[in-house]
Amino acid sequence: MFEPVSPQVSFPELDATHLAFWEDARIFEKTLEREADKPPFIFYEGPPTANGMPHPGHVMTRVMKDVFLRYRTMGGHYVPRRAGWDTHGLPVEVEVEKALGISGRDAIQAYGVEAFSRQCIDSVFKYIDEWQEMTRRIGFWLDFDAAYVTFHKSYVESVWWALSEMFKKGLLYQGYKVIWWWPQGGTALSAGEVGQGYKTIDDPSVMIRFPVVGEDETSFLAWTTTPWTLPSNVALAVDPGTVYATVEVEGERLIVAEALVEKVLGEDGTVVSRRKGSELVGMRYEPPFRYAEPEGGPAWEVVDADFVSLDSGTGLVHLAPAFGEDDFRVCKDKGMGFLQLMNPDGTFPATVTDFAGRFCKDADRDIIRNLRSRGLLFKEEVYRHDYPFCWRAMDDPLIQYARRSWFIRTTQEIERVKENNRAIHWEPEHIKTGRMGQFLEGNVDWALSRERFWGTPLPIWVNDETGAAESVGSVAEILERNPKAFEHFENAKAKDPSLQEHLMVHKPWVDEVTWVKRGEPGVYRRVPEVIDCWFDSGCMPFAQWGYPHQGQDEFQRSFPADFITEAVDQTRGWFYSLMTISTLMFPAQEVPHPFKNCVVMGIITDEKGKKLSKRDKNYTDPLVLMDRVGADAVRWALYAGTVPGQNTRFFDAAATDAVREFLLKIWNVYSFFVTYANIDAWTPTADRPPLSERSDMDRWLLAELDATVRAVRRELDDYKSHMAVRHLLSFVDGLSNWYVRRSRARFWATDDTADKRAAFSTLYETLVDLTKLTAPFTPFMTETLFQNLVRKNDPSAPESVHLASFPEPDEARVDDALRRTVEQVRNVVNLGQRVRNENKLKVRQPLAEAIVVVADDGERAAIDGFSDAIREELNVRSLGFTQEPEIYVEFELLPNFRVLGPKLGKQVPACKKALAESDGSALYAEMEANQKIRVELPDGPIELTLDEVEVRLSAREDFAAASGAGQVVVLDTRIDDDLRREGMAREVINRIQRARKAMDLPYEARIEVSWNADGEVAKAIEEHAERIAGETLATRFEAGDAEGATVEETEIEGTPLRLGITKAPA
RNA sequence: GGGGCACUAGCUCAGGUGGUUAGAGCGCACCCCUGAUAAGGGUGAGGUCGCUAGUUCGAGUCUAGCGUGCCCCA
């Protein structure tokens, strides 16, 4: 016996049961223990930062990870799933600053770096419970107990090791990086923060004369909106392809882009010569200010650049590499010098005598006045644009500012990174050459350092006298240099035991670590910076084990990963850092590494395509949604609606649809099966007729099942979960809407026939395999089915569906011919129903015959095998076939383009025309007779064979017929009296059934019916009384006064009918 | 400003390698069905495949340009 199943099901309640069961029975742990000797399938979890609430986007990547991992687990792999937490970085600091109500370096230092770091630790785990609960609730099995944490000492030491290796190879160097800088706060801002602080403001827009060296009375006219950067001018940029004109105006010559002459200089000027931008390159000019000489290269020359626009300005742009990212890049490429006349606090240094101590933006007006007085100012305007301010202090403008920074020389190894990228299987494929490929093409050295507090400290110590630098890869290496290096930390810990061991490798403690070297003056002190947290997470393949200081075996066994998946925003984040670090660290490793397959998900948006945001509240909390519809529905909606690389519009309706479209369909079949299996006391140990002795219907279902198993495996092997979903949906549709619907009567049969046993066996086997096949997608509902269908009656079965094996292809079930036949049969039924609809012939009205046009005896026999089904579905007394289709059908011959295209080439349209204009039926007859036809084309006659044409049938209009998918069905629409009376009888049955339903009778309840009618209706009732009584379970059915518990006044084809219905005594 | 992706039915989306009647689900209309019934099922109407050129015998599919939206970077 099976546990009785209610058709009403609460999926959220089932979820709770299974979550408890999995935990109590340690099912997840058992998948790991059981599989430990199996071939591993390695997965890396991209570590989230738990300082924000998880939202539907996180749910999506989690379920995507889970489906492939469950699939591999059931497929016989050992699939460890270790959680990880990303704990460093600017966003963490920003959150803590917000919480503490402080901001900026000075404020943090005043608050205390140690206390601040502790706050950061608390902050990164603020929502860890919510994250774990969401993960648990959605059914993503992940080993949180073994989670790696990026701030832990062993992790940091691994990162240090990687950095020290790079340092030794000369891959770490110091240079400048232009960042958005908040002068008043003394700190850089992240892109995200910059984006939050834009305001529309008016800035001066000035055109300045830059006198050309060697050409009298001639100046370049260049443009800038930041006059305060002019003292640090190093070059002028032109576009090499643009034509520049030298224009004589009022006794001087000015050089501007030819296209802008009139706009800038008016109509008075005379063009005296023209030069392309490329010809100007290398020309020298007098800078407007000369407080200091640029260092490291030449200065005050014209260079070519790719960003010069003619939309505004003069076509020449002033470049100050210290204060603009583009400026810096171009000047660096051209080997120009560098000059930075501005203090980090935004004031001019003493060197800039005229403006010393003035704040940059405030000095603009004085600088313009100065230029005007020296005759260098050509024009001053106001320029309205969006400019970023500090989002925490909206009156403080940000400036682009070059800071000393540490870089990884990724450009040196970029070819190897690209080779690695090419070897990776990206899903979708276009990431490889598109987003990632293009990113790698434009690769610049990785700006690694951050002037912040909470991050992995950069492990470089510099001698404060000699400037010699050393990098270390572990605490042990430090202790070799100075056994007392961590004394400060030890003392602090002695005082405060709550101080975590991990913090010894963090600021402020690590900054106390120093050493001296014998025979060298000076003390080695750590550089102040911490590093980009993307470097942390990119080290996880080895740092999660503390490699190489420990965990060597674990690392070897789990490197590289078979599979990772995250959202597309990780292309330049985690995917890049993983790939780059691995390429630099493990040059001997065969590509690809550290991951072989990467599924890149799009982002989740709301119904209207808008980004999800907490502020707009445009999504339902995932936990709330799961409590409403269940975790499986949310999962299925995501699998069904999400294509890698594409954005997904996700909204609650998608989850409710999933319940109806998929989960409930399976549930209904399951509930149907259990109901009748229990009535019949059928159990899985009952006789199972061999496949060969089962009906076509059974073998068809199993053939479809097998095809689905193959398809789902193929798609999942290919990381195309959305395609696997389609196969499952279409199978479940066939199961529910064809197999079960057509087979119901077989399950009601009262006596124990071989056919009934075959039906039970088939449906049971199908449900069990379908359960396993679907388990990776919807792990909750499938557990219910598995427990009841399999485990309940077989204690030797796996304890959980997730410990079972994924279904294998089964050669014995393959029957493509049968699948094709049923497809045709279902099409015949559809066509017949169309004919009925079009001719307003209700299915209740029986018809004499349906005629199917068939091509040959084989097709006829195949379809005839399903004659019963077709006759019932179409309510016709007989099913006929015709091989004289020309009576009902018109033929049209078309070229088989795929075959004839290459053969005929340009003659194809002529051939199509000739065929269309001929008598199709005659051509068809000719083809039947000769296996070939002759067609006259303008270029001469050609012969066409059967495979070179496509025969298209269409129903002749004078028949009730429909054609489609290469088939034609004709209905005999003549209704004689006999048929009419049978139709009437069916009407009566229908009326009584409707009354039964209105009376709310259980389906097995018996009734007594008294009826009253005249004429043809009465005759029809009398004629079919037995059948009417039988179908309506009437123990008494007779003409009379039509009185009873319920009296039904109705009419059939205009004849009144009165029915009296009473529940029969039991 | 650069790169990437998308644009197919009212809505949400599928549509290897080019082949002539472009599919599904939802919604809508009409209809069927007591034995899965507070369920289930059928049929139908809806599309110049964003626009414009081009390549080709043939383009939703390939190429170029344009438009709109989104993402990443600047």
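Quick note on labels: first sequence line is chain A, next is B, and so on, each numbered from 1.
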| note | Picking from B/G42, B/G41, B/C32, the nucleotide nearest the side-chain atoms of A/Gln833 would be B/G42

| request: With the side chain of A/Val908 defined as its heavy atoms from C-beta on, choose the nearest nucleotide among B/A74, B/C57, B/A36. | output: B/C57

| query | Distance between the P atoms of B/A22 and B/G40, in whole angstroms? | reply | 31 Å

| query | With a non-hydrogen cut-off below 4.0 angstrom, is A/Lys912 in contact with a base, only sugar-phosphate, or nothing? | reply | base

| Under 3.5 Å on both distances, the Watson-Crick or G-U partner of B/G16 | none

| field | Base of B/C71 paired with side chain of A/Arg435 (donor-acceptor, under 3.5 Å) | value | yes

| note | Between NE2 of A/His727 and P of B/G25 the distance, given in whole Å, is 15 Å

| field | Candidate nucleotides B/C33, B/C71, B/U43, ranked by approach to the side chain of A/Val568 - the nearest | value | B/C71

| request: Tell me what A/Gln993 touches on the nucleic acid: a base, only sugar-phosphate, or nothing, going by heavy atoms under 4.0 Å. | output: base

| said: Please name the nucleotide paired to B/A29 by Watson-Crick or G-U wobble geometry with both distances under 3.5 Å, or report none. | reply: B/U43

| field | A/Leu874 CG to B/C31 P, straight-line distance once rounded to whole Å | value | 19 Å

| message | Only pairs with both distances under 3.5 Å count, Watson-Crick or wobble alike; so what is the partner of B/A59 in this structure? | response | none

| query | Centres of the A/Phe747 and A/Phe672 rings: under 6.0 Å? | reply | yes

| query | What nucleic acid atoms does A/Asn896 come within less than 4.0 Å of, heavy atoms only: base, sugar-phosphate, or nothing? | reply | nothing

| task | Just compare B/A74, B/A14, B/G4 and give me whichever is closest to any side-chain atom of A/Arg726. | result | B/A14

| Nearest-nucleotide pick for A/His430, side chain only, options being B/C33, B/U20, B/G4 | B/G4

| request: Taking all non-hydrogen atoms of both residues into account, name the closest pair between A/Ile942 and A/Leu944 and its distance. | output: CD1-CD2, 3.8 Å

| message | Are the side chains of A/Arg836 and A/Leu847 in contact, using a 4.5 Å heavy-atom criterion? | response | yes

| task | Report yes if the ring of A/Phe439 lies under 5.5 Å from the six-membered base ring of B/C73 with planes under 30°, and no otherwise. | result | no

| task | For A/Phe673, report the nucleic acid contact type (base, sugar-phosphate, nothing); a contact means any heavy atom under 4.0 Å. | result | nothing

| message | Under 4.0 Å, heavy atoms only, any strand: does A/Arg660 hit a base, just the sugar-phosphate, or nothing? | response | sugar-phosphate

| remark: Applying the 3.5 Å cut-off to both distances, the Watson-Crick or G-U partner of B/G50 turns out to be B/C66

| task | Taking syn as within 90° of 0 and anti otherwise, name the glycosidic form of B/G44. | result | anti

| Charged N-O contact under 4.0 Å between A/Arg991 and A/Glu987 | yes

| note | Winner on side-chain proximity to A/Glu661, out of B/A36, B/G25, B/U43, is B/G25

| Base partner of B/U21, which must satisfy Watson-Crick or wobble distances under 3.5 Å | none

| said: Does A/Val643 reach a base, just sugar-phosphate, or nothing at all? Heavy atoms under 4.0 Å. | reply: sugar-phosphate

| said: Classify A/Ser736 by what it touches in the nucleic acid, base, sugar-phosphate, or nothing, heavy-atom distance under 4.0 Å. | reply: base

| task | Write down the atom of A/Ser577, the atom of A/Trp446, and the distance for their closest heavy-atom approach. | result | CB-CH2, 3.5 Å

